[in-house]
2 protein chains.
Amino acid sequence: MSKSNNVYKDAYNRCLRLLDETRSLPSEPELGTLLGVSRTTVRTILARMEETGLIAWNKRAKTVLRETRPDDFFPEEETDTLAEIIERSFMRRLLAGGAEAGMQINELELAREIGVGTTSVREFLIRFSRFGLIEKRRNSHWVLKGFTRAFALELTEIREMFELRSAAAFAVLPQDSAVWTDLDRLEDEHRQLANDIATRFTEFSELDERFHRLIHRASRNRFIVDFYDVIAMIFHYHYQWNKAQERERNEVAIGEHLVYIEALKSRDLGKVDAACRKHLKSARQTLLTSIPESRSLQKS
Amino acid sequence: MSKSNNVYKDAYNRCLRLLDETRSLPSEPELGTLLGVSRTTVRTILARMEETGLIAWNKRAKTVLRETRPDDFFPEEETDTLAEIIERSFMRRLLAGGAEAGMQINELELAREIGVGTTSVREFLIRFSRFGLIEKRRNSHWVLKGFTRAFALELTEIREMFELRSAAAFAVLPQDSAVWTDLDRLEDEHRQLANDIATRFTEFSELDERFHRLIHRASRNRFIVDFYDVIAMIFHYHYQWNKAQERERNEVAIGEHLVYIEALKSRDLGKVDAACRKHLKSARQTLLTSIPESRSLQKS
DNA sequence: ATATTGTCTTTTATCGTGAAAAAACAGTTT
DNA sequence: AAACTGTTTTTTCACGATAAAAGACAATAT
């Protein structure tokens, strides 16, 4: 098995959802841009849809014949990329405890355990190394640096530096810049989420990421923008394993965001600085309390 | 051919230099740590040295029999790692002009041109991507973002942020910290280089890197320390292709470094900040003037 | 007892290969 | 002639295989 066809399967599933809304499908190139895949993949999708009797396909005519059924869909787990699979396995091991700092990481063992080739694992580790959690020994193994208190502090130090600067840059953006409408929309979403907080509090993490990315983008600096990937990754997994007081934490954060948004809209740099500092401080606190003390004792 | 034995060849060459200084070689493990390779490689080296009549090898006794000759050495180009070879080729193409922003990068073509497998090229590109000069399109090609004026400005913005903070952290380090003796040694080297500037000005870039890395390390933040890799890479190639007024530039930089060092030693934060700012400003200027105007017009 | 050597095992680095997916080209349809 | 479909070529992604290099273990020497 040399390459899974998850791109096709994922696009197929998304195409099925499209099917419920129309009588007939658009042209192949159009479908391609819509699904974010090449025409080759689009044609594979159409071929199967014809085969399973979902559509009649004759050149330009792609008529919908019947409604989609649950069993038309490919199983979710078959639509993941290899990189996602490896990342999940790796993070599970990392966070499942027993992952002490200084521990060696074995490519071959990881590959066998996950059931993939070594090349994919190697490439994953290289990509992952920029998060600062692992380090390569030349011609030899990787070393786990550990998800320690030190790591969290170093990460947040940079985050605060970058976000304060980005927020200041945001506040002085010209009034006709598109970011202000983006900000308004985000503000709306925050208010809606605040209203339904009891039932929808888990949706916050996604909103949080979009909000902070918008601000970081105002820096117009690729290194700052890219660094948010590190933060997003850490917070993503952090949210997954630390569910304590999730609802309360998110409620507080939404409130802080709204103050922060007001400050940005006021374009008062002093207010922006204060609101940003306040929110970042509590974000750091949340992250720090979630790190088990056992983890913080390791490593110098 | 699956893996070149450049580790062995490089260690062999370094071991030859060792040979000129002693009557007999130390134990295998000791040699291993000395050369930074495993005992397996050490034994391969010893075996060849015995074969070519350089030493008599009987268990612990490794007696030097004759002086080394130039033809004992492996050719320099055989001691490079694949990663180095690929990086050089890639950077040559990048800087040789004709590398416009937005251009596609083709793994297969690169691999064929350099004469290596695609895997190595892929891994190189992934590692290289953190420098912010290229970007990956999912399931598709890489895109060159170009060595533009914008890139240089974004890079130096972060550099200044990080170095000012590191320098401030440096200045308040306790008097008994080892960094102060490191700093004294670097100061010496700067003075010596200043004296022989006419003949040794090309040695500055290496000293420059060591000096700035020492300062960055004071931040005790892995993201700051790691970011210096980006700066070092850019300046490394920058020095190679911009030889205009090299001597003068380096002479000025040495002077600035010495003021900077004095400021650090005074532990006066105001002085440190001023000296650091001044030096970084001229470093940025040097970098900016070396970017051809044609390059700066591209990209938004 | 500890460090060193001899031998064997495991892991890393790299390649060639093949299927999935993208991209290019050529012929059709509106 | 502009956009679409049919066909072919190229590139990316992922694997297994293999030599280089590292690492582990047992036997030996100081």
Side-chain angles (χ1 to χ4, degrees), chain A residues 1-11 26-32 35-47 57-62 81-83 85-86 104-112 115-126 136-142, chain B residues 1-11 26-32 35-47 57-62 81-83 85-86 104-112 115-126 136-142:
Chain A
M1 179 225 317
S2 55
K3 194 183 182 183
S4 92
N5 53 356
N6 66 80
V7 173
Y8 153 68
K9 286 178 177 170
D10 181 53
S27 76
E28 295 172 14
E30 204 171 324
L31 262 176
L35 297 169
V37 296
S38 76
R39 202 158 69 80
T40 308
T41 306
V42 168
R43 299 189 108 243
T44 322
I45 291 170
L46 292 173
W57 181 25
N58 186 285
K59 310 207 167 166
R60 321 207 155 197
K62 307 171 194 81
T81 60
L82 237 205
I85 295 169
I86 296 175
Q104 293 186 12
I105 296 166
N106 188 318
E107 290 176 6
L108 202 59
E109 189 189 313
L110 254 181
R112 272 194 296 248
V116 298
T118 51
T119 314
S120 314
V121 170
R122 278 175 70 80
E123 287 182 6
F124 164 75
L125 290 171
I126 295 170
K136 175 88 182 143
R137 290 287 132 85
R138 255 298 212 87
N139 275 307
S140 182
H141 54 264
W142 291 83
Chain B
M1 181 225 318
S2 57
K3 194 183 182 183
S4 91
N5 54 356
N6 65 80
V7 173
Y8 152 68
K9 286 177 177 170
D10 181 55
S27 76
E28 294 172 15
E30 205 171 322
L31 261 176
L35 298 169
V37 296
S38 76
R39 204 157 69 78
T40 308
T41 306
V42 168
R43 299 187 110 242
T44 321
I45 291 170
L46 292 174
W57 181 24
N58 186 283
K59 312 212 164 164
R60 323 210 152 195
K62 305 169 195 85
T81 61
L82 238 204
I85 294 169
I86 297 175
Q104 292 186 11
I105 297 167
N106 189 316
E107 289 176 7
L108 202 60
E109 188 189 314
L110 255 180
R112 271 196 295 250
V116 298
T118 51
T119 314
S120 313
V121 170
R122 279 176 67 81
E123 287 182 7
F124 165 76
L125 290 172
I126 295 170
K136 176 86 182 145
R137 290 287 132 85
R138 258 294 214 88
N139 272 309
S140 182
H141 53 265
W142 291 83

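So that the names make sense, note that chain A is the first sequence line, chain B the second, and so on, each numbered from 1.
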Looking for any heavy atom pair under 4.0 Å, which part of the strands does B/Arg137 touch: base, sugar-phosphate only, or nothing? nothing
Can you work out whether A/Glu28 or A/Ser140 has the more 5'-proximal nearest nucleotide on DNA chain D? A/Glu28
A/Leu46 versus A/Leu31: any side-chain heavy-atom pair under 4.5 Å? yes
Would you say A/His141 places a side-chain N or O within less than 4.0 Å of OP1 or OP2 belonging to C/dT10? no
Protein-nucleotides 26-29 of chain D N/O pairs under 3.5 Å:
none

Residues at least two apart in sequence or cross-chain that pass side chain to side chain donor-acceptor pair (under 3.5 Å) with A/Asn5, listed by chain then number, are none
In whole angstrom, what separates A/Leu108's CG from D/dG23's P? 15 Å
Which residues satisfy the side chain to side chain donor-acceptor pair (under 3.5 Å) test with B/Lys62, sequence neighbours excluded? none
C/dG6, C/dT14, C/dT4: which one has an atom nearest the side-chain heavy atoms of B/Ser27? C/dT4
Whole angstroms only, please: what is the CD1-C1' distance between A/Ile85 and D/dA14? 12 Å
Would you indicate whether the side-chain heavy atoms of A/Ile86 and A/Ser120 approach each other to under 4.5 Å? yes
Return the nearest nucleotide to the side chain of A/Asn106; candidates are C/dG6, C/dT11, C/dA13. C/dT11
Can you see if the side chain of B/Lys62 gets near the phosphate of C/dT5 - specifically, an N or O under 4.0 Å from OP1 or OP2? yes
Name all residues meeting the side chain to side chain donor-acceptor pair (under 3.5 Å) criterion together with B/Arg60; count only those two or more places apart in sequence or in a different chain, and write none if there are none. none
What's the angle between the local helix axes at either end of the helix from C/dA1-D/dT30 to C/dT30-D/dA1, using five pairs per end and rounding to 10 degrees? 40°
Residue B/Leu82, side-chain heavy atoms: nucleotide from C/dC15, C/dT4, D/dT12 that is nearest: C/dC15
Any side-chain heavy-atom pair from A/Leu110 and A/Trp142 closer than 4.5 angstrom? no
With B/Thr44 via side-chain contact (heavy atoms from CB on, under 4.5 Å) - residues at least two apart: B/Tyr8
Provide, to the nearest angstrom, the distance between the CG atom belonging to A/Asn58 and the P atom belonging to C/dT28. 16 Å
Summary of protein contacts for nucleotides 16-21 of chain D, nucleotide by nucleotide, where a base hit scores B, a sugar-phosphate-only hit scores S (4.0 Å, heavy atoms): B-BSBS
Please report, rounded to the nearest Å, how far the C1' atom of D/dC4 is from the CG atom of A/Leu31. 13 Å
B/Arg122 CZ to C/dC15 P, straight-line distance once rounded to whole Å: 14 Å
DNA chain C: 5'-proximal contact among B/Glu123 and B/Glu30 (nearest heavy atom): B/Glu30
Can you name the residues that form a salt bridge (Lys or Arg N to Asp or Glu O under 4.0 Å) with B/Glu30, not counting sequence neighbours? none
Residues two or more places apart in sequence or in another chain: which of them pass side-chain contact (heavy atoms from CB on, under 4.5 Å) with B/Thr81? A/Arg138, B/Asn6, B/Ala83, B/Glu84
Figure out the CZ/P separation between B/Arg43 and C/dC8, and round it to whole Å. 12 Å
B/Arg122: which residues meet the salt bridge (Lys or Arg N to Asp or Glu O under 4.0 Å) condition with it, sequence neighbours left out? A/Glu123, B/Glu107
Under the rule for side chain to side chain donor-acceptor pair (under 3.5 Å), what residues qualify as partners of B/Arg112, not counting sequence neighbours? none
With sequence neighbours left out, the residues meeting side-chain contact (heavy atoms from CB on, under 4.5 Å) with B/Glu109 are B/Arg93, B/Asn106, B/Glu113
Expressed in angstrom and rounded to an integer, what is the separation of B/Trp142 atom CH2 from D/dT10 atom P? 24 Å
What integer distance in Å separates B/Glu109:CD from D/dT12:C1'? 14 Å
